[in-house]
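One structure is given here, and the rest of the page talks about it.
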Amino acid sequence: MWSYILRNLAYSLLIIFGVLTVTFFLLYILPGDPARMMLGQRADVASVDAVREELGLNKPLYVQYARFMTNAFKGDLGRSYATNRNVVTTILEKFPATALLSFSALFFSSVIGVLIGIISAVKKYTFTDNAAMIFALFGISIPSFAFGLIMALVFGHLLKWFPISGYINDGWQYLVLPMVTLALRPMAITARITRSSMLEVMNQDYVRTAKAKGLSQGKVVFKHTLRNALNPVVTTISASLAATLGGVFFIEYIFNWPGIGLLAVDAIFKLDFPMIQGTVLFSAIVFVIINFFVDIVYAMLDPKVKLS
Amino acid sequence: MTQENTENIKRLEDSFAMLDDKSHSLWYYSWKRLKRNKLAMIGLWTLVLLVIIALFAPVIAPFDPNLQILEFAAKPIGFEGDVVQVRQQSGNSEDKFVAVKSIVSEDGDKIVFKGYDDQEFSINRPEIISDDGKIIRKVKYYLGTDRFGRDVLSRLIYGSRVSLTVGLISESIAIFIGIILGSMAGFFRGKTDAVVMWFVNVIFAFPAILLIIALSVVLGKGLWQAFVAIGLTGWVDIARIVRGQFFSLRETDFVEATKAIGFKPFRIMIRHILPNALGPVIVTGTVGLAAAIIFEASLSFLGLGVQPPTASWGQMIFDGYKYIVVGTNWGLAVFPSIAIMITVFAVNLLGDGLRDAFDPKLKQ
């Protein structure tokens, strides 16, 4: 087990190294002069030169790369062009809001998604099943920002059930619309996977035996089918985390939720490159870390993984 | 003979054709299966329709998508307005539409109109273009107008061009990169595989949309930048699928045979393994196409990607978004959302159908 964990840890670090490298080159190929962007077009040559010197921009590529990597490992991603605040500090301030939104959406989508999948599988090829699956396909087909706008329009403006802009500090109602919007896509995917996985298990002999024994439908569905069908579902849910981390950007922007997504979108509008770089890097690293833990939990639960 | 009978015979013939004629390829049978899937065919025909709309946009659209009549800005669905079409003096510029309320007087060649600002002005009769002798024309905006007085319906129609081209081209880029890297990893295995999979995992760690946004910020705004940004991020899934296919196909007897004959690796990969791996690639590519269309819309929504005045759905949603916030003219954001949804829905229907068609074992 420990060797498995260590091996995974080493690989995760290797991935983070790659993530850092990709992010560095993303910014390195950027047209224009970062020093001038920082100071604005009116800055005089002397101060631009001073900043270039300070950031090491006139050093050769490998020196800049080494500098970036060491700084990144120290947790220093520079300062925002727009606010001149430390990028990492700003991101860490905003992270709890994003984590709250993502995890509540993930929880909501998993519970509802699995339920829809079970109902669909039990009532396969009926109207309920078709309606649920068309709904799921709809959930996969609509861009998150478009769905967010429609939610805001219907439940915010027309029905006035929930507020459309603000943070949970002002009340739980503020969480509802962004959470449901963010949950739609993972919910749809989870429902589809649960259904097909359930259907596959339902064809197994032991399920037929359970039915033949005269067990109640509830027992057959939940005890014999669902438990064995859950494996791919759990994989999907952990993959959904990536989808929520990606989807959070537009949804935070639309519902004015003060997390990393809003920070990133603002940075994009202001062309605040260190902040863009920081948010991209941060999301990727969070993803790698979460995956690392998911893999370990898997290995603990599934004996087949441990052997390999 | 009754109609039912003829149909039964036809169905019987169909199934015989599938049974005894062994000369047909895998593609033939997949197509036959796909044709029987109603939802997939709905998706396919919707896409065909969308492609036709995109190709013939100038014929179908009632207006030039960039024609602005500022007097008609932000009008509701079904708005009708009166205009006078005026020939432009300077040769190559387009004819101008002038919004008018009414004719005040006609004096020979000089016609005096009352404009939307209630000011009177005159236009000479020879400058006015009229098809049927009427000076004032009625124009109808079926889906209303945006804040520049442009026709929403026409912009929707033209917007399909952007969505479909960006989707198709960027997904082609993704498939191209994915096939190359995936088949290298799957065929050579060992170190090549480790390096490729490391790269796949690195790119996979980034939320796709963020990487696309970052890339297009770096590359600049525009159409081709959107192709490249989406294409460079979308290959990961394709590479994984191709690698998996190569892993299993490499063990088959016919590949062993090609090795025994002494074919070069490149030839084995391209001629013998790849064609057999294409089914899942097409299925994954369809899913990717749906994602690419959503990504393009997301880019336009952020003002990256295709630049104004070119009509794109994402940008229309962004423009309309402000109207949702103030609670008026919600159609401006909702119609393009529906357009994207229909397109992606159709692609996904087709994708699901293709999955079933290529792998009948999967169908329960």
Side-chain angles (χ1 to χ4, degrees), chain A residues 11 14-19 21-23 26-27 29-31 124 133-134 137-138 140-147 149-150 152-153 156-158 164-165 192 196 199-200 202-203 242-243 245-250 253-254 264-265 268-269 271 273 276-277 279-281 283-285 287-288 291, chain B residues 39 43 198-199 201-220 287 290-291 293-298 301-304 313-314 317-318 320-321 323-328 330 333-334 336-349 351-352 362 364:
Chain A
Y11 195 69
L14 208 60
I15 299 290
I16 289 181
F17 170 77
V19 164
T21 309
V22 168
T23 326
L26 258 184
L27 233 69
I29 54 172
L30 194 70
K124 65 175 168 180
M133 284 305 108
I134 286 179
L137 203 58
F138 158 82
I140 296 174
S141 302
I142 189 160
S144 59
F145 62 91
F147 183 62
L149 291 176
I150 292 172
L153 173 71
H157 281 295
L158 300 180
I164 57 163
S165 162
R192 279 160 63 103
S196 65
L199 287 179
E200 205 169 295
M202 277 173 167
N203 284 335
L245 279 175
V248 91
F249 293 91
F250 289 99
Y253 172 66
I254 285 167
V265 175
I268 290 159
F269 283 138
L271 291 183
F273 294 109
I276 297 176
Q277 186 187 41
T279 45
V280 171
L281 198 53
S283 316
I285 290 176
F287 178 77
V288 175
N291 260 6
Chain B
L39 285 175
W198 171 74
F199 194 43
N201 283 325
V202 166
I203 298 298
F204 191 70
F206 293 97
I209 183 65
L210 251 200
L211 195 57
I212 291 169
I213 290 170
L215 265 174
S216 37
V217 167
V218 168
L219 295 171
V287 176
I293 292 172
I294 290 185
F295 285 145
E296 185 280 322
S298 312
F301 181 77
L302 290 178
L304 304 159
W313 292 340
I317 297 177
F318 181 71
Y321 164 59
Y323 289 89
I324 280 196
V325 175
V326 295
T328 57
W330 47 265
V334 172
S337 302
I338 293 174
I340 296 174
M341 217 190 72
I342 291 174
T343 313
V344 180
F345 199 82
V347 175
N348 279 333
L349 279 180
D352 276 6
L362 277 178
Q364 276 109 16

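A, B, ... follow the sequence lines: proteins, then strands. Residue 1 opens every chain.
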Check each atom of B/Leu211 against the heavy atoms of chain A and say whether the ones under 4.5 Å are side chain, backbone, both or neither.
side chain
Select, from B/Leu302, B/Val334, B/Ile338, the one with the greatest count of heavy-atom pairs under 4.5 Å involving chain A.
B/Leu302
Contacting moiety of B/Ala290, where chain A heavy atoms sit under 4.5 Å:
neither
Taking atom OH of A/Tyr11 as the centre, does the number of heavy atoms from other residues, nucleotides or ligands within less than 6.0 Å exceed 12?
yes
Below 4.5 Å from any heavy atom of chain B, which atoms of A/Phe147 appear? Answer side chain, backbone, both or neither.
neither
Which bit of A/Phe138 is near chain B, if near means a heavy-atom gap under 4.5 Å: side chain, backbone, both or neither?
both
Starting from the C-alpha separation in whole Å, work towards a yes-or-no answer on side chain to side chain contact (heavy atoms under 4.5 Å, CB included) for A/Val19 and A/Ile15.
CA-CA 6 Å; A/Val19 164; A/Ile15 299 290; 4.3 Å; yes
Contacting region of B/Ile209 [heavy-atom separation from chain A under 4.5 Å]
side chain
Just verifying a value: how many Å separate B/Phe301 CZ and A/Ser144 OG, rounded to the nearest 0.5 Å?
9.0 Å
When rounded to the nearest 0.5 angstrom, what distance separates CG in B/Asn201 from CD1 in A/Ile16?
12.5 Å
Kindly assign one of parallel, tilted or perpendicular to the pair A/Phe250 and A/Phe145, based on the angle between their ring planes and the thresholds 30° and 60°.
tilted
Chain B heavy atoms under 4.5 Å from A/Val248: which part of the residue, side chain, backbone, both or neither?
neither
Set of ring pair (Phe, Tyr, Trp, His ring centres under 6.0 Å) partners for B/Phe345, sequence neighbours left out
none
Can you tell which part of B/Leu210 gets under 4.5 Å to a heavy atom of chain A, answering side chain, backbone, both or neither?
both
Interface residue of largest heavy-atom contact number with chain B, from A/Met202, A/Lys124, A/Arg192, under 4.5 Å
A/Arg192
Taking the side chain as everything from C-beta on, heavy atoms only, tell me whether B/Ser298 gets closer than 4.5 Å to B/Ile294.
yes
Side chain / backbone / both / neither for B/Leu215 at chain A, heavy atoms under 4.5 Å
both
Once you measure the plane-to-plane angle for B/Phe204 and A/Phe287, does it fall in the parallel (<30°), tilted (30-60°) or perpendicular (>60°) bin?
perpendicular
When only pairs under 4.5 Å are counted, which of A/Ile276, A/Ile150, A/Ile268 shares the most heavy-atom pairs with chain B?
A/Ile268
Highest number of heavy-atom pairs under 4.5 Å with chain B: which of A/Leu281, A/Ile134, A/Leu137, A/Asn291?
A/Leu137
Interface check, chain B: of A/Val288, A/Ile254, A/Thr21, most non-hydrogen pairs under 4.5 Å belong to A/Ile254
In terms of heavy-atom pairs under 4.5 Å with chain A, which of B/Asp352, B/Leu349, B/Leu304, B/Val347 leads?
B/Asp352
Side chain, backbone, both or neither of B/Phe295 within contact of chain A (heavy atoms, under 4.5 Å):
neither
From CD1 (B/Ile293) to CE (B/Met341), nearest 0.5 Å:
13.5 Å
Is there a donor-acceptor pair closer than 3.5 Å between any side-chain N or O of B/Trp198 and the backbone N or O of A/Leu14?
yes
